[in-house]
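Just so it is clear, the values below take in all heavy atoms, side chains as well, and ignore hydrogens, waters and symmetry mates. Here the structure is a predicted model, which means the values were calculated and not measured.
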Amino acid sequence: MRKIFLLMMIPILSFAQMQFADPQPTFDNPRKWVIKLRTDDPVTVNHLLSSIYNVLAEYPSEAINITVVTYASGVRVLRKDYVNTVATTRINSLMQYDVEFIACENTMDTMKWKHDEFIDDISYVKAGIVEIIEKVTDGYIEVTPY
């Protein structure tokens, strides 16, 4: 009976494995994903962070580069005083997996926010939308999971 069960499971398990398109993602030729974050809504932010974790679980180690570009109210998510402390913890965790988080300085200037008000080790660009355009031009795929 066990053998029959195992034989029945083989086709199911083979469909469960992710089939990557050619060229296969590798250390030298990783997939590149840019995500725009323009809201500070906790539900949306948590969904986005969960999606990043899900993608990281599917790709071989170092076979994907992920960048999150924040602008408008999305920049607030990267502040040290963001109300969703779980999201801040998750962002710091994702940064340990080389996920890059970028804040738009135009938004920061409008809100009169300073660099020292943001979590450590994020990056800054003058214009978040321009950064997204440049990432796409450089071969990044823009998918926003919300």
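- Here the side chain of Asn29 pairs no donor or acceptor atom with the backbone of Pro25 at under 3.5 angstrom.
- By the rule that hydrophobic residues join a cluster once side-chain heavy atoms approach within less than 4.5 Å of another member, Phe118 and Val68 end up as members of one cluster.
- The OH atom of Tyr59 sits 12.5 Å away from atom CG of Asn54, with the distance rounded to the nearest 0.5 Å.
- No salt bridge links Glu117 with Lys80; every basic N to acidic carboxylate O contact stays at or beyond 4.0 Å.
- Checking side-chain atoms of His47 against main-chain N and O of Pro145 turns up a donor-acceptor pair under 3.5 Å.
- No side-chain heavy atom of Ile91 sits less than 4.5 Å from a side-chain heavy atom of Thr89.
- Across every non-hydrogen atom of Ser50 and Arg90, the tightest pair is OG-NH2, 2.8 Å.
- Side-chain contact between Asn65 and Asp98 is absent, with no heavy-atom pair separated by less than 4.5 Å.
- Between the CD atom in Gln24 and the CD atom in Gln19 there is a gap of 8.0 Å [rounded to 0.5 Å].
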Checklist entry - Going through the checks in order, is the side chain to side chain contact (heavy atoms under 4.5 Å, CB included) test met by Phe20 and Arg31? => result CA-CA 10 Å; Phe20 296 111; Arg31 297 292 192 255; 4.2 Å; yes
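- Taken from CE in Met111 to SG in Cys104, the straight-line distance is 12.0 Å, to the nearest 0.5 Å.
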Please tabulate, for side-chain N and O atoms in residues 119-127, each donor-acceptor pair with protein atoms closer than 3.5 Å (sequence neighbours left out).
unit_1, atom_1, unit_2, atom_2, d
Ser123, OG, Glu100, OE2, 3.1
Tyr124, OH, His115, O, 3.3
Lys126, NZ, Asp109, OD2, 3.0

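- Within the model, atoms OG1 of Thr70 and CE of Met108 stand 9.0 Å from one another, a figure rounded to the nearest 0.5 Å.
- Cluster membership for Ile141 and Val34, using ILVMFWY side-chain heavy atoms within less than 4.5 angstrom, is not shared.
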Item to check | Evaluation steps, salt bridge (Lys or Arg N to Asp or Glu O under 4.0 Å), between Lys36 and Glu142 | outcome: CA-CA 8 Å; Lys36 61 184 176 188; Glu142 189 221 329; 3.4 Å; yes
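- Paired with Arg76 under the rule side chain to side chain contact (heavy atoms under 4.5 Å, CB included), one option of Val83, Asp40, Thr39, Thr107 passes, and it is Asp40.
- Within the 4.5 Å cutoff, no side-chain heavy atoms of Phe101 are placed close to those of Val77.
- Of all the heavy atoms in Pro30 and Glu62, the pair that sits closest is CB-O, 4.1 Å.
- The two atoms that bring Asp41 and Thr44 nearest to each other are OD2-OG1, 2.7 Å, heavy atoms only.
- In this structure the side chain of Val75 never reaches within 4.5 angstrom of the side chain of Leu37, judged on heavy atoms.
- Heavy atoms only, all atoms of each residue included: Ala87 and Val45 are closest at CB-CG1, 4.0 Å.
- Connection of Ile132 to Leu78 is not established within any shared hydrophobic cluster, with ILVMFWY side chains joined at heavy-atom distances below 4.5 Å, either directly or through further cluster members.
- Tyr53 and Tyr97 have their aromatic ring centers separated by at least 6.0 angstrom.
- Summarising the geometry, atom CH2 belonging to Trp33 is positioned 8.5 Å from atom OG1 belonging to Thr144; distances are rounded to the nearest 0.5 Å.
- Under a hydrophobic-cluster definition in which Ile, Leu, Val, Met, Phe, Trp and Tyr are linked whenever side-chain heavy atoms come within less than 4.5 Å, directly or via other members, Trp113 and Ile129 are assigned to different clusters.
- Two residues are said to be in side-chain contact when any heavy atoms from C-beta on lie closer than 4.5 Å; Tyr140 and Thr67 meet this criterion.
- Of the charged side-chain nitrogens involved, none lies within less than 4.0 Å of a carboxylate oxygen, so that Asp116 and Lys114 do not count as a salt-bridged pair.
- Put simply, the side chain of Leu48 reaches to within 4.5 Å of the side chain of Ile35, judged on heavy atoms.
- Under the 4.5 Å side-chain heavy-atom criterion for Ile, Leu, Val, Met, Phe, Trp and Tyr, Val69 and Tyr146 are members of distinct hydrophobic clusters.
- Between Lys32 and Asp138, the closest side-chain pair of non-hydrogen atoms falls below 4.5 Å.
- Using a 4.5 Å heavy-atom threshold, the side chains of Ile66 and Leu56 count as touching.
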